[in-house]
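All residue numbers refer to positions in the sequence shown, counting from 1. Quick caveat, the model's predicted, so the values are computed rather than measured.
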Amino acid sequence: MVQSFAVDSRYNAFYTGGKVQFSKDGSFMLCSSGNQLQILDVQTGRIHSTIGQNEEEEEITSFILSPDDQTLIVAGRNLQLRQWEWKENKIERTWKAVHNAPVTCMAFDSTSTLVATGSADSTIKIWDIIKQYCTHNLRGHTGVVTGVAFHPDIERMQLISAAEDYKIRVWDLMKSSCIAVLDKHFSVITGLQFTEDGDTLYSCGRDSVVVVWDLHSFLCLKTIPVFEPVESVLLLSPNMDYPKLSVVAGEQHFITAGSKGILKVWNTSKAACVYTQEDSPVALAARSREVEESDQRSNITQAIHCPSNGAITVVTFDHYIIMFDLEGFEVKKQFAGYNDDILDIHFLGEQESHIAVATNSELIKVFELSTWNCQILHGHTDIVLSLDVYQKGNLLVSSSKDNSIRLWQIDGDTQKMSCVAVGQGHTHAVGAVAFSRLAPSFIVSGSQDCTIKLWSVPDNHCGNSVTNLHANMTEKAHEKDINSITVSPNDKLLATGSQDRTAKVWNASSLSLLGVCRGHRRGIWCVQFSPVDQCLATSSSDGTIKIWSLSDFTCVKTFEGHDTSVLKVIFLTRGMQLMSSGSDGLLKLWNIKNNECIKTLDEHTEKAWALTANKKGDIIVSGAADSSIIVWKDTTETEIEEAKAKEEDTIIKEQELSNLLQQKKYLKAIGLAITLEQPFRVLNIMKEILSQPTGQQDLADTVLKLRMDQADAVLRFSVQWNTNSKHCHVAQFVLSVVLKGYPPEELMKLPNFKATVEGLLPYTERHFQRMKRLQQQATFTDYTWQCMKLGQSDSRVKDNEASHSATNMETENFVGKTQDPKDGASQEMVDETDDLGERIRKAVQQRLKELDQISEKQSGGKTSESEHIEVDKGNGENDGENVITNEKTNLKAKKKNKNKKSDLTDLQRDQEEETSPAEKVTTRLEHAKKKKTKKGFKTPDSMNKRKVHSKENGITETNRSSKRRKSSAK
C-alpha cells in the first residue's frame with residue numbers, strides 16, 4: 001500500500017514576456033516572469049534559481065547580464081536598479097535609476113564596468129558599476145528608447161541608441177554629446193548589430209527594411225527590403241560556411257526573424273534572401289489557427305545567437321522558446337515558457353517517458369520528462385479539452401472546442417508525433433474522449449450536445465496522410481453537458497458522467513443503457529472503472545467521491561474530505577486506493593477499505609484539473625490552473641527505511657546520553673541532548689548540575705563551553721522553559737550566563753537570537769511582576785508580625801494596671817455598702833460581711849500576684865504564653881468563684897431564718913445588696929478573660945469558665961424562684 005508521495009520534479013511558468021538572455025557558456029537561460037527572474041538550466045529544462053522571490057516587488061521591465069557572467073542588473077517599475085551576484089542568488093546593492101519612467105533597455109560595455117540604461121522618459125544614463133555613480137546623462141531622443149549598444153571598440157567610447165522617434169543617435173562619451181543622427185527608418189527600430197571589425201552597423205525595424213550604416217562617415221551604405229516587420233537581425237561570421245543555408249565564406253550574411261515566424265538568411269552584397277526556413281513551428285502554429293500574417297500572435301519577438309551552444313534561439317509571442325540548429329535551422333530543443341491552465345495530462349510512450357498535456361490552448365504539448373523538452377502538436381483550431389492514450393502508449397486521442405477529435409501517433413525512432421486521423425460530427429464542444437483498452441479498436445467521445453459517439457479506428461496508421469474517422473453509433477446520453485467518459489478494462493462497458501448529477505453505464509458494443517447511478521447532489525466531473533473490481537468511482541462538485549456496484553448500480557462507499565469540488569479521481573495500487581484532486585488544489589490519497597484519507601498533498605495553488613498515474617502506480621503527474629506540472633514519486637519505502645534508521649540512531653544516542661549522565665560528563669550530555677532536540681532533557685541535566693554544592697558556578701562554566709550553535713539551541717530551549725514558573729529560574733540563569741559570557745556581536749549573528757529574545761520578553765516580565773508582588777507580600781507579613789509582638793507586650797502591662805485599680809475600687813464599694821445598714825437585719829449582718837469582704841480581698845490579691853508572676857515568665861520567654869495564662873487564670877477564677885458561692889449561701893440562709901415575715905420588696909432589696917459585690921467581682925474576672933482571649937489565647941479553660949458561670953447563674957435563678965413561691969404562699 002502506498003503511504004506517501006513526494007515531489008520529484010515540477011515544471012512551472014518561467015517566462016511571461018520580455019527579453020531572454022543566455023549566460024556566457026550557454027548553459028543557463030535568464031527569463032523574466034512577472035516580478036521574478038527565472039534562471040533555467042538549458043540541459044535539464046528545470047529552474048536552477050529564482051531572482052527576486054519577494055511578492056511585494058514590482059514587475060521587472062528590463063535586465064542585463066555582464067559579458068564576464070559576473071554581474072546581473074535588474075530594473076523594475078519602481079524605478080530602482082538592483083545589482084545581483086546571480087550565481088549565489090545574492091543582492092549586492094540597490095540604487096535609484098534617476099529616470100522619470102521605467103527602464104526599457106540596458107547594455108553593458110565589453111569591459112563589464114559600464115552599463116547604459118534607456119528609459120521611457122527619452123533619456124539615457126550611463127553608470128560606473130565599480131565606482132557606483134552615474135557618469136553620463138544623455139538627452140536628445142523624443143520617444144521611448146528601444147535599444148542601446150556600446151561600440152565593441154572600447155577606445156572609441158561611443159554609444160548607439162534607438163528610440164520610437166525612428167532615429168538612431170551616436171553619442172561621444174568623451175564629450176557627452178550626440179555626434180550623429182542616423183535617419184532612414186520609418187517605424188520603430190527593433191534591433192542593432194555590429195560587424196566583427198566594428199566599422200559597420202546593421203539596424204532593423206518594423207518598417208520591413210534592414211539598413212547598413214558606415215560608422216566612420218555615419219552614412220547609409222545599403223537599405224535591404226525584407227518584406228516583413230523584423231524584430232531581430234543576427235550577423236553570421238564571414239569566415240564560416242553553412243552549406244544547408246547556402247552561406248559561403250568570404251561574404252557577409254545576416255538572419256532576420258519577424259512577423260511571419262520564419263528565419264531567413266540574406267546576402268548583404270546581393271541584398272537577396274538565400275535561404276528561407278521551412279516547417280517552422282511558429283509558422284505551423286499560425287497556419288493551424290488560420291490567422292493572417294499581420295496577426296501579432298505569430299510574431300517572433302526576439303532572436304538570439306549563442307556561439308557557445310551553436311544555436312539560434314527564437315522567442316515567440318505565445319511564450320515559446322525554440323532553439324534551432326545553426327547548420328540547418330532544425331529544432332534542437334523547445335521550451336514552453338507559460339502553459340496557462342492545465343486541463344488534462346496523460347503518460348505517453350511505451351516506456352512512459354513523455355507526457356501529453358492539454359492546456360488552455362489549441363496546441364497539445366508533449367514533454368520529455370527527463371529534459372522537459374517540449375514538442376508542440378498543431379491541428380486543432382480551438383482549445384483542447386480532453387486527452388486519452390492507448391495503454392501501449394503509441395496512440396493519443398484529443399478532443400477540442402472545435403467540435404472534433406484527432407488521433408495522433410508517435411514515431412518510435414524519432415519520438416515525433418503526427419496527426420493520422422480526424423473525426424468530426426459533434427455539434428458542440430467535445431469535452432470528453434476515451435480509447436479502448438484491450439486493442440486500439442474504437443474511440444468514444446462525449447460532447448456538450450449531450451450525445452456520445454462511438455468511432456472506429458482504422459487498422460493502418462500512416463503518418464504522412466490524415467484520414468477521416470467515422471462514427472458508428474450516436475446516442476443521446478444525458479440532459480446536460482457530458483464531463484467525463486471512460487471504458488472498462490475489458491472493453492465491454494462505457495461510463496459517462498454529466499452535469500445532470502448522474503452517471504450512466506452503457507454497453508460498449510450497442511450503446512444500450514445498462515444502469516443509472518444517482519446520488520450526487522451536484523454535477524459529476526469524473527468517472528473511472530476499477531482495474532480489478534466490478535465497481536465504478538465518480539467524483540462530483542458536491543465534494544464527495546462515490547463507489548458504485550456494477551451489479552445493482554447502488555452506492556457502496558462514499559468518501560468525504562474535500563471542501564470543494566472533486567475534479568479528478570483515479571485508482572491506484574491495483575484498485576485498493578484512490579487519488580483525487582480538488583478545485584482547491586489539494587490532492588488526497590484514500591484507502592478504499594476503511595474510507596480513510598491517509599495523505600494530503602498541498603503544492604498547487606489553483607484548481608487541479610489534471611491527474612494521471614503510470615502503469616506501476618508509483619509515479620503520478622498533476623496539473624492545475626496555476627500553470628504548474630508536478631511529478632510525484634512514491635516515497636513509502638524510503639520513508640520507512642529512514643524512520644527505521646532514525647529510530648536506531650535515536651536509541652544509540654539515548655544510550656550514549658544515559659552513559660554520559662552516569663559518568664557526570666554534563667557538557668557532552670548537553671550537546672547530545674541538543675542534537676536529539678530534547679529541551680526538557682537539557683533542563684533536567686541543568687537542574688542536576690544546580691543541585692550540587694557548587695552548582696551555579698559549574699553550570700555557568702558548562703554553558704560558556706558550548707559552541708555558538710549549541711548556545712543558540714539552549715537559548716531557544718529556554719524560551720519553552722520560561723513559560724513555566726517551575727522552570728523559569730533555570731531559564732533566567734542560562735539567559736544571564738549567555739548574555740554576560742558572550743559578546744553582543746556574536747549573539748547578534750545567531751540565526752534564532754531575535755526570535756528567542758522576542759519569546760523571552762513577555763514571560764520574563766510576567767515573572768518579574770510576580771516576584772515583585774511576592775516581595776511586597778513578604779515585607780507586609782514581616783511588618784504585621786512585628787506590630788503584633790509590640791501590641792501584645794503593651795496590652796499585658798495595661799491589663800495588669802487596670803486589674804489592680806478595678807479590684808481596689810470594687811472592694812471599697814463593697815465594704816462601704818456593707819457598713820451602711822438600713823434596717824435592723826442589715827445591722828446584724830455587719831460582722832458577717834466584714835468576714836466576707838476580708839476573704840474576697842485576700843482572694844483577689846492572691847490572684848493579682850499570680851497574674852504578675854505569669855507576666856514575668858512571659859517576658860522571660862521560658863514557657864509558652866498560652867499555657868501559663870490559661871492554666872493560672874482557670875485556677876484563680878475557680879478559687880474566687882467557690883469563695884463567693886459559699887459566702888452567698890451562708891448569708892441567704894441567715895436572712896431566711898431572721899426575716900420570714902418581710903414582704904417581697906424587702907426580700908428583693910436584701911438580695912440585690914447581698915449579691916451585688918459578688919456579681920461585680922465575677923464580671924471583672926470575665927472582662928479580664930475576654931481581653932486575653934482577643935489577644936489569641938483562647939483555650940479549653942475559657943470554656944470551663946463559661947460553664948461555671950452558667951451554673952452559678954442557674955443556682956441564683958433557682959434561689960429566686962423558690963423565694964417567690966414561698967412569698968406567694970404566705
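In this structure a side-chain-to-backbone donor-acceptor pair under 3.5 Å is present from Ser66 to Thr71. Without hydrogens or angle criteria, Asn89 side chain to Thr50 main chain gives a donor-acceptor distance under 3.5 Å. Asn591 places no side-chain N or O within 3.5 Å of a backbone atom of Lys593 that could act as its donor or acceptor partner. Under the 3.5 Å distance criterion, the side-chain polar atoms of Ser27 are left unmatched by any main-chain donor or acceptor of Ser23. Without hydrogens or angle criteria, Asp602 side chain to Leu586 main chain gives no donor-acceptor distance under 3.5 Å. No side-chain donor-acceptor contact under 3.5 Å links Trp86 to the backbone of Ile73.
Between the CH2 atom in Trp84 and the CG atom in Leu37 there is a gap of 9.0 Å [rounded to 0.5 Å]. Atoms CD and CD1, on Glu85 and Ile91 in that order, are 12.0 Å from each other to the nearest 0.5 Å. Expressed to the nearest 0.5 Å, how far NZ of Lys740 lies from CG of Leu704 amounts to 11.0 Å. In this structure, CD1 in Ile545 is found 9.5 Å from CD1 in Ile592, a value given to the nearest 0.5 Å. In this structure, CG on Asp626 lies 4.0 Å from OG1 on Thr605, to the nearest 0.5 angstrom. Note: Asn684 CG to Ile689 CD1 = 11.5 Å, rounded to the nearest 0.5 Å.
The shortest heavy-atom contact between Leu572 and Ala613 is CD2-CB, 3.7 Å. Taking every heavy atom of both residues into account, Asn12 and Ser628 meet most closely at OD1-CB, 2.9 Å. When all heavy atoms of Ser718 and Ala731 are compared, the closest pair comes out as O-CB, 3.6 Å. Residues Gln38 and Ala13 share a closest heavy-atom pair of NE2-O, 4.4 Å. Nearest heavy atom pair, residue Leu587 against residue Ala608, reads CD1-CB, 4.2 Å. Closest approach of Leu611 to Ile620, counting heavy atoms only: CD1-CD1, 4.5 Å.
When the ring pair (Phe, Tyr, Trp, His ring centres under 6.0 Å) test is applied to His48, the partners found at least two apart in sequence or on another chain are Phe28. In this structure Glu603 satisfies the salt bridge (charged side-chain N to carboxylate O under 4.0 Å, His left out) test together with Arg10, sequence neighbours excluded. For Trp632, the ring pair (Phe, Tyr, Trp, His ring centres under 6.0 Å) test picks out no residue, with sequence neighbours left out. Every residue two or more places apart in sequence or in another chain was checked for a side chain to side chain donor-acceptor pair (under 3.5 Å) with Gln70, and none qualifies. Residues forming a salt bridge (charged side-chain N to carboxylate O under 4.0 Å, His left out) with Glu688 (at least two apart in sequence, or on another chain): none. Residues that satisfy the side chain to side chain donor-acceptor pair (under 3.5 Å) test with Glu606, not counting sequence neighbours, are absent from this structure. With sequence neighbours excluded, the residues satisfying side chain to side chain donor-acceptor pair (under 3.5 Å) with Asp709 are Arg707. Residues passing the salt bridge (charged side-chain N to carboxylate O under 4.0 Å, His left out) test with Lys653 are Asp649, sequence neighbours excluded. A search for salt bridge (charged side-chain N to carboxylate O under 4.0 Å, His left out) contacts involving Glu656 returns nothing, not counting sequence neighbours. Residues satisfying the side chain to side chain donor-acceptor pair (under 3.5 Å) test with Lys633, not counting sequence neighbours, are none.
Taking the six-membered ring where the residue is Trp, Phe14 and Tyr11 present perpendicular rings, their angle passing 60° and hence far from 30°.
Residues His562 and Ser580 bring a donor and an acceptor atom of their side chains to less than 3.5 Å of each other. Donor-acceptor pairing under 3.5 Å is lacking for the side chains of Gln3 and Gln577.
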Using the rule given for side-chain hydrogen bond (donor to acceptor under 3.5 Å, both in side chains), can you reason through Glu654 versus Gln678, listing the C-alpha separation, both sets of side-chain angles and the distance that settles it, and then say yes or no? CA-CA 11 Å; Glu654 286 284 351; Gln678 297 180 350; 2.4 Å; yes
Does the side chain to side chain contact (heavy atoms under 4.5 Å, CB included) test come out yes or no for Thr94 and Gln83, once each step is laid out? CA-CA 6 Å; Thr94 300; Gln83 181 177 339; over 6 Å; no
With side-chain hydrogen bond (donor to acceptor under 3.5 Å, both in side chains) as the criterion, how do Asn722 and Gln732 come out once you've worked through the C-alpha distance, each side chain's angles and the decisive distance to 0.1 Å? CA-CA 7 Å; Asn722 199 44; Gln732 294 296 324; 3.0 Å; yes
Checking Arg681 against Leu661 for the side chain to side chain contact (heavy atoms under 4.5 Å, CB included) test, could you report, in this order, the C-alpha distance in whole Å, the side-chain angles of both residues, the deciding distance, and whether it holds? CA-CA 11 Å; Arg681 194 68 174 270; Leu661 291 176; 4.1 Å; yes
Decide side chain to side chain contact (heavy atoms under 4.5 Å, CB included) for Phe5 and Leu601; before the verdict, give the C-alpha distance in whole Å, the side-chain angles of both, and the deciding distance to 0.1 Å. CA-CA 8 Å; Phe5 283 93; Leu601 308 177; 3.8 Å; yes
Pair Ser725, His767 - check side-chain hydrogen bond (donor to acceptor under 3.5 Å, both in side chains), show working. CA-CA 7 Å; Ser725 59; His767 296 320; over 6 Å; no
For a side chain to side chain contact (heavy atoms under 4.5 Å, CB included) check, start with the C-alpha distance between Leu30 and Ile51, then their side-chain angles and the critical distance, and finish with the verdict. CA-CA 10 Å; Leu30 285 70; Ile51 300 296; over 6 Å; no
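Taking the side chain as every heavy atom from C-beta outward, Asp41 and Thr44 approach each other to under 4.5 Å. Taking 4.5 Å as the limit, some side-chain heavy atom of Val714 sits within range of a side-chain heavy atom of Leu706. Using a 4.5 Å heavy-atom cutoff, the side chains of Leu589 and Val2 are in contact.
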Just list the side-chain donor-acceptor pairs under 3.5 Å for residues 748-759, sequence neighbours left out, or say none.
{"residue": "Asn752", "atom": "ND2", "partner": "Asp712", "partner atom": "OD2", "Å": "3.3"}
{"residue": "Thr756", "atom": "OG1", "partner": "Asn752", "partner atom": "O", "Å": "2.6"}

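Environment of CD in Gln696: sparse, with no more than 12 heavy atoms of neighbouring residues, nucleotides or ligands closer than 6.0 Å. By the 6.0 Å contact criterion, CZ on Phe680 is enclosed, its count of non-hydrogen atoms from other residues, nucleotides or ligands being greater than 12. Under a cut-off of 6.0 angstrom, the local environment of CD in Gln43 is sparse, with at most 12 non-hydrogen atoms contributed by other residues, nucleotides or ligands. Within 6.0 Å of atom CD in Gln132, more than 12 heavy atoms from other residues, nucleotides or ligands are found, so the atom counts as buried in its surroundings. Residue Glu637 places its CD atom among 12 or fewer non-hydrogen atoms of other residues, nucleotides or ligands, all under 6.0 Å distant.
Residue pairs that meet the salt bridge (charged side-chain N to carboxylate O under 4.0 Å, His left out) test with at least one member in residues 667-680, sequence neighbours left out, are Glu677-Arg716.
Between Glu639 and Lys644 there is no salt bridge, since no side-chain N of the basic residue sits under 4.0 Å from a carboxylate O of the acidic one.
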